[in-house]
Amino acid sequence: MKLKDILKNCNLLDLKGEKDLDLAGITFDSRKATEGMMFFAVRGTQVDGHDYIGKAVENGATAIVCETLPENLADNVTYIQVENSAYVLGMAASNFFSNPSEKLRLVGVTGTNGKTTIATLLYRLFTDAGHTCGLLSTIENIIGTEVIPSTHTTPDPIELNALLHKMVEKGCQYAFMEVSSHSVAQDRIAGLHFAGGIFTNLTHDHLDYHKTMANYRDAKKKFFDDLSQSAFALTNIDDKNGLVMLQNTKAKKLTYALKHDADFKGVIMESHFDGMMLKVNGTEVFTQLVGGFNASNLLAIYGAAIALGFDKDELLVEISKLRGANGRFDMVYSDKGIIGIVDYAHTPDALENVLKTINEVKKTGTLKNPTKNSKLSTLNSQLITVVGCGGNRDTTKRPEMAAVAVRMSDRVILTSDNPRNEDPDEIIRQMKAGIDAANNHKVLSISNRREAIRTAVALAKAGDIILLAGKGHENYQEIKGIKNHFDDKEELSNAFKEA
């Protein structure tokens, strides 16, 4: 592909060398910068690609995109100076793959919680309605029906556009993707054309990267600022930052809410462990999802589908069939009548939402034991929460997570999540800083997650509820750089059988 075509619509500060180059591909990894490639020197959080320009040239790269030109320029290599290499990489990746996001309707979902559920259920909704769709999510990427493992919430620009290009080749009409705050701040979505954007909520997370809540909020807001006039911007106005997202957008503004008047207004009529009755814009629908947070997610799905032209009457019928995303309020039952819930909640707000839902449903007085087709009393049942915090991530939320768990549970077991390169016991120690002395009697500390789960099962009786929070869909536990197989749902099921 010609250099001028790859860099179409990119602002260049300087170009030294041959302009009319044919290039074999693009990369930001110097190890992949083989003969005929264009290498982008991107400044990252850990390394600076400018330090690897020489290595890229040595490996055969014939074009270099950088923010600062090297002192010594190699012969037969074209150097292109730009203001922001990361942004130009996004634009170039889109151009290299023939701008795939313009050939389907791409919807991005951003916010602290709910991204995976909304993107996944929109994919299922439109697929069930007969459309060929794509999904880019934390759990998995899907092209039509082909499942591709996911490594990041939002892939790098080259992988992202390669996946979208494959979706176009497979005839996808729609694509639904999670848009992380990191991906916006790092310009990974530069060059993409979105048909719409959805904002869920903004709560404490990722401050290890963004440093302040204002920076975190502004990263989300930038996504909406950049939407085109032909797109829609759908926001949750129950969140105090909901209307902030719409301040500077050119897109069509739409709102959804449970607590406020909105374009898409919801009211929870009844709530049970096996679903809830939800009224949407005056019409009732029974859904298999549970809790206020999922009611909000369903309103986002409803609003986005309407914005994309879905028939209203057909839409409610299809919503009633939807099941939750893997690892999101995922139920596991024991023969003894203990109910287990596996959820990805790994922020204080997400944990509070899940615990609030469980406590509200408990008040109905009974829960269904599907293994014996009977009802069990929940009036005197315990809620036992097993929770940890990830290593090498935002440490400030650790005491908050423990405080929420203790305040809203009868018993709490603090344990490991993905400790990564940190000491699990030190993470637990930091979590315990959020627990006052009066509640210490409610708390056990067991760093081995498998042992913690089995202890929770041993403590539980018929009618009790066990919440395993933090890992959700993940089927591994990362310890000292090694990912070991570990699946909360599988571990809980085994513990129930052994008990």
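Since the model is a prediction, treat every value here as computed from it, not as a measurement. Basis for what follows: all heavy atoms, side chains included, without hydrogens, waters or symmetry-related copies.
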Could you grab the distance from atom CE of Met1 to atom CE of Met38, nearest 0.5 Å is fine?
10.0 Å
Start with the C-alpha distance between Val179 and Val184, add both sets of side-chain angles, then the distance that settles side chain to side chain contact (heavy atoms under 4.5 Å, CB included), and finish with yes or no.
CA-CA 7 Å; Val179 177; Val184 180; 3.6 Å; yes
A side-chain contact here means heavy atoms from C-beta on lying under 4.5 Å apart; do Leu308 and Val107 qualify?
yes
How about Asn9 and Met91: do any of their side-chain heavy atoms sit closer than 4.5 Å?
yes
To the nearest 0.5 Å, what is the distance between CG on Leu299 and CZ on Phe264?
9.5 Å
If you define the side chain from C-beta out and look only at heavy atoms, does anything of Asp22 sit under 4.5 Å from Leu3?
no
Backbone N or O of Asp263 within a donor-acceptor pair of the Thr255 side chain at under 3.5 Å?
yes
Should Leu12 and Cys10 count as side-chain neighbours, where that means a heavy-atom distance under 4.5 Å?
yes
Return yes if some donor-acceptor pair links the side-chain N/O of Asn95 with the main-chain N/O of Ile6 below 3.5 Å, else return no.
yes
Audit row: Glu178, Thr116, side chain to side chain donor-acceptor pair (under 3.5 Å) steps and yes/no:
CA-CA 7 Å; Glu178 295 182 49; Thr116 301; 2.7 Å; yes
Centroid-centroid under 6.0 Å between Phe223 and Phe194 rings
yes
Expected output: side-chain Asn84 to main-chain Tyr87 donor-acceptor under 3.5 Å
yes
Assess whether salt bridge (Lys or Arg N to Asp or Glu O under 4.0 Å) is satisfied between Asp425 and Arg429, documenting all intermediate values.
CA-CA 6 Å; Asp425 291 321; Arg429 188 192 68 76; over 6 Å; no
How far apart are the C-alpha atoms of Asp487 and Lys489, what are their side-chain angles, what is the distance that settles it, and do they pass the salt bridge (Lys or Arg N to Asp or Glu O under 4.0 Å) test?
CA-CA 6 Å; Asp487 185 309; Lys489 196 170 180 179; over 6 Å; no
Lys220 vs Asp218, salt bridge (Lys or Arg N to Asp or Glu O under 4.0 Å): CA-CA, chis, key distance, verdict:
CA-CA 5 Å; Lys220 302 288 188 187; Asp218 290 346; over 6 Å; no
What distance do Thr62 atom OG1 and Glu35 atom CD have between them, rounded to the nearest 0.5 Å?
8.0 Å
Among Glu478, Lys471, Arg393, exactly one meets side-chain hydrogen bond (donor to acceptor under 3.5 Å, both in side chains) together with Asn418. Which residue is that?
Lys471
Closer than 3.5 angstrom, by distance alone: can the side chain of Arg420 be matched with the main-chain N or O of Gly391 as a donor-acceptor pair?
yes
Heavy-atom nearest pair, Leu234 first then Ala300, reads CD2-O, 3.3 Å
Assign the ring pair Phe329 / Phe293 to parallel, tilted or perpendicular, where the plane angle (0 to 90°) is split at 30° and 60°.
tilted
Taking all non-hydrogen atoms of both residues into account, name the closest pair between Ser416 and Pro424 and its distance.
OG-CB, 3.1 Å
At their closest point, which heavy atom of Ile341 faces which heavy atom of Leu492, and how far apart are they?
N-CD2, 4.5 Å
Test: Asp225 and Lys221 ion pair at under 4.0 Å
yes
Using atom types as modelled and distance alone, determine if a side-chain donor or acceptor of Asn59 lies under 3.5 Å from a backbone N or O of Ala33.
no
Heavy-atom check, side chain of Asn113 versus side chain of Thr347, under 4.5 Å
yes
Under 3.5 Å, side chain of Thr235 to main-chain N/O of Ile237, donor-acceptor pair present?
no
Side chain to side chain donor-acceptor pair (under 3.5 Å) between Arg43 and Thr68, intermediate numbers included:
CA-CA 11 Å; Arg43 301 187 195 278; Thr68 304; 3.2 Å; yes
Determine whether the aromatic ring centres of Tyr123 and Tyr174 lie less than 6.0 Å apart.
no
In Å and rounded to the nearest 0.5 Å, what is the NZ to CG distance from Lys253 to Leu227?
11.5 Å
Would you please test Ile435 and Leu414 for side chain to side chain contact (heavy atoms under 4.5 Å, CB included) and show each step?
CA-CA 11 Å; Ile435 302 170; Leu414 301 180; 4.0 Å; yes
For Ala433 against Pro399, the heavy-atom pair lying closest together:
C-CB, 4.2 Å
Considering only heavy atoms from C-beta outward, does the side chain of Cys66 approach that of Ile53 to under 4.5 Å?
yes
Can you tell me if Lys103 uses its side chain to pair, donor with acceptor, with the backbone of Ser98 under 3.5 Å?
yes
Residue pair Ala41 / His50: nearest heavy atoms and the distance that separates them:
O-CE1, 3.3 Å
Measure from the side-chain N and O atoms of Arg124 to the backbone N and O of Arg323, and report whether any donor-acceptor pair falls under 3.5 Å.
yes
Does this structure show an ion pair linking Asp343 with Arg328, if we count only N-O contacts that are shorter than 4.0 Å?
no
Pair Arg449 + Asp488: basic N to acidic O under 4.0 Å:
yes
Row check, Tyr476 ring normal vs Lys483 NZ/CZ: under 6.0 Å, within 45°
yes
One should read off an interatomic distance between Asn475 CG and Glu490 CD, to the nearest 0.5 angstrom, of 8.5 Å
Whether the side chain of Asp330 engages the backbone of Gly327 through a donor-acceptor N/O pair (distance < 3.5 Å, no angle test) should be reported.
yes
Below 4.5 Å, heavy atoms only, C-beta onward: do His346 and Lys397 meet side chain to side chain?
yes
Nearest 0.5 Å, what's the CG-CZ distance between Asp156 and Phe28?
4.0 Å
Students often mix this up, so state it plainly: with edges at 30° and 60°, are the rings of Phe126 and Phe176 parallel, tilted or perpendicular?
tilted
Intermediate values then yes/no, side chain to side chain contact (heavy atoms under 4.5 Å, CB included), Asp187 and Leu89:
CA-CA 8 Å; Asp187 291 308; Leu89 172 61; over 6 Å; no
Which heavy atom in Ala63 sits nearest to a heavy atom in Leu21, and how many Å separate them?
CB-CD1, 4.2 Å
Quick check against the 3.5 Å criterion: does Arg188 have a side-chain atom that pairs as donor or acceptor with the backbone of Ser180?
no
pair Val109-Thr200: side-chain heavy atoms closer than 4.5 Å:
yes
Solution key, residues 157-168 side-chain donor-acceptor pairs under 3.5 Å, sequence neighbours excluded:
residue, atom, partner, partner atom, Å
Asn161, ND2, Pro157, O, 2.9
His165, ND1, Phe97, O, 3.4
His165, NE2, Glu169, OE2, 3.4

Show, in sequence, the C-alpha distance, side-chain angles and deciding distance for Glu451 and Arg454, and conclude whether the salt bridge (Lys or Arg N to Asp or Glu O under 4.0 Å) test is met.
CA-CA 5 Å; Glu451 184 182 337; Arg454 277 157 174 73; over 6 Å; no
